[in-house]
Structure formats: structure tokens, C-alpha cells
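Below is one structure, written out as C-alpha cells, with a few remarks after it.
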Amino acid sequence: MAALEKVDEPTMILFPDDLTLAQGKSVYEAALAQCEKLKDRFVILDVKEVSTDPFADAEAFRNNGIGSGDLKYGAAYYPHLKSALNLSYDSSSVTITQAHTYTGTGTSNPAITNPADGSTCGTCYCGSQPSSSHPL
């Protein structure tokens, strides 16, 4: 979140439904605090389906989890965002590859440092070295 705070362009921070409140609480709170502090971005948080009662899940998310601070710059959705567009995918079947063409005046293909742990991996944030099973 500290690295994101230094960049002016982001106007929306979105957390998908792969995080439970226990996994995401600290980053959710940091994102809300950042949005409140900068007043130039908005965060959308997922209320993870825990029970069969959506009201109980929402109440637990707000009262026992995220709290009510900085909510002016955030919204929550439950259980899934829906759209008129019929788009979906299975994340286990997605392979992300990167192709780039350098057109700037600085160093071509500079090493990018992961702000979370300081590791570098060409242009990959994962910390793994490129290989046939892990392309950039």
C-alpha cells in the first residue's frame, strides 16, 4: 500500500473475492485509510460468503471486521459483483505472459523491485526466476 500511495494515477483499489476477512483485514484497513488520507481514490472490498445468511455476513464484516472508520471512501459488495456482460473465467486456467517493446530513453528492461519484500525478478513481482514453467 505504501508503494501505491506514491502514485497519483490510481483512482480505484479493488480487492477480489479470494480473500477472507482474516486474510485481508489489515490490507483492507490500510486501503481505506489511504483513500481517506489522499481523498483521490476509492476502494471496493469483497464481503466473503461465510454463512448462508447475507445479513449475518455483512454484519460480521462491518462490526467484527472492517469497522466503520474511513468508510466514506469505500464500498463493499456481496457475494459477487454482477454485470450485464456475461464474462467469467476459472483463475486456475489463466496463464499470464508478458511481452513488451521498449520505446523510452532510459534503461531498457530495468529490474523491478517488489516493494513487499525487496526481491527482483526481471519484470516479475513473484520472486521466481523465469523458466519454461514460469514465463515472465
Side-chain angles (χ1 to χ4, degrees):
M1 292 305 307
L4 184 63
E5 184 175 350
K6 297 175 185 176
V7 182
D8 189 45
E9 286 81 16
T11 57
M12 182 178 296
I13 303 169
L14 175 65
F15 294 99
D17 58 351
D18 285 340
L19 293 175
T20 64
L21 187 58
Q23 295 167 324
K25 185 177 189 303
S26 63
V27 73
Y28 285 174
E29 289 172 339
L32 283 166
Q34 183 179 110
C35 291
E36 173 69 30
K37 176 183 174 185
L38 299 177
K39 299 182 180 356
D40 68 351
R41 54 197 70 186
F42 191 80
V43 64
I44 298 178
L45 309 169
D46 174 48
V47 178
K48 187 88 169 157
E49 241 177 314
V50 178
S51 71
T52 57
D53 181 0
F55 295 106
D57 287 344
E59 186 174 312
F61 183 81
R62 183 169 184 164
N63 297 340
N64 304 326
I66 207 65
S68 59
D70 303 323
L71 293 183
K72 185 161 77 171
Y73 291 92
Y77 65 93
Y78 178 92
H80 307 288
L81 287 177
K82 295 194 180 200
S83 169
L85 301 174
N86 188 15
L87 302 173
S88 66
Y89 70 94
D90 175 8
S91 61
S92 66
S93 68
V94 174
T95 301
I96 299 174
T97 57
Q98 178 182 4
H100 68 279
T101 303
Y102 182 72
T103 58
T105 58
T107 305
S108 68
N109 200 20
I112 297 174
T113 303
N114 181 340
D117 64 10
S119 65
T120 60
C121 174
T123 55
C124 180
Y125 280 125
C126 72
S128 299
Q129 293 300 314
S131 68
S132 61
S133 64
H134 179 79
L136 286 178

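Contact annotation: the side chain of Leu38 never approaches that of Tyr73 to less than 4.5 Å [non-hydrogen atoms, C-beta and beyond]. Side-chain atoms of Thr11 and Asp40, non-hydrogen and from C-beta on, never get closer than 4.5 Å to each other. In this structure, Met12 and Val43 have side chains that are not in contact, with every pair of non-hydrogen atoms separated by 4.5 Å or more. Residues Ile13 and Ile44 are not in side-chain contact: their nearest non-hydrogen atoms beyond the backbone lie 4.5 Å or more apart. Using a 4.5 Å heavy-atom threshold, the side chains of Val27 and Phe15 count as touching. Side-chain contact between Glu59 and Asp53 is absent, with no heavy-atom pair separated by less than 4.5 Å.
In this structure, the side chain to side chain donor-acceptor pair (under 3.5 Å) partners of Glu5, at least two apart in sequence or on a different chain, are Lys37. Every residue two or more places apart in sequence or in another chain that forms a side chain to side chain donor-acceptor pair (under 3.5 Å) with Lys39 is listed here: Glu36.
Note that CZ of Arg41 and CG of Asp8 are 7.0 Å apart. Values are rounded to the nearest 0.5 Å.
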Show the numbers, then the answer: is there a side-chain contact (heavy atoms from CB on, under 4.5 Å) between Leu45 and Phe61? CA-CA 10 Å; Leu45 309 169; Phe61 183 81; 4.0 Å; yes
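Between Gln34 and Met1 the shortest heavy-atom distance is NE2-O, 2.8 Å. Taking every heavy atom of both residues into account, Thr52 and Pro54 meet most closely at O-CD, 3.4 Å. Ile66 and Lys25 make their closest contact through CD1-O, 4.3 Å (heavy atoms, listed as atom of the first residue, atom of the second, distance).
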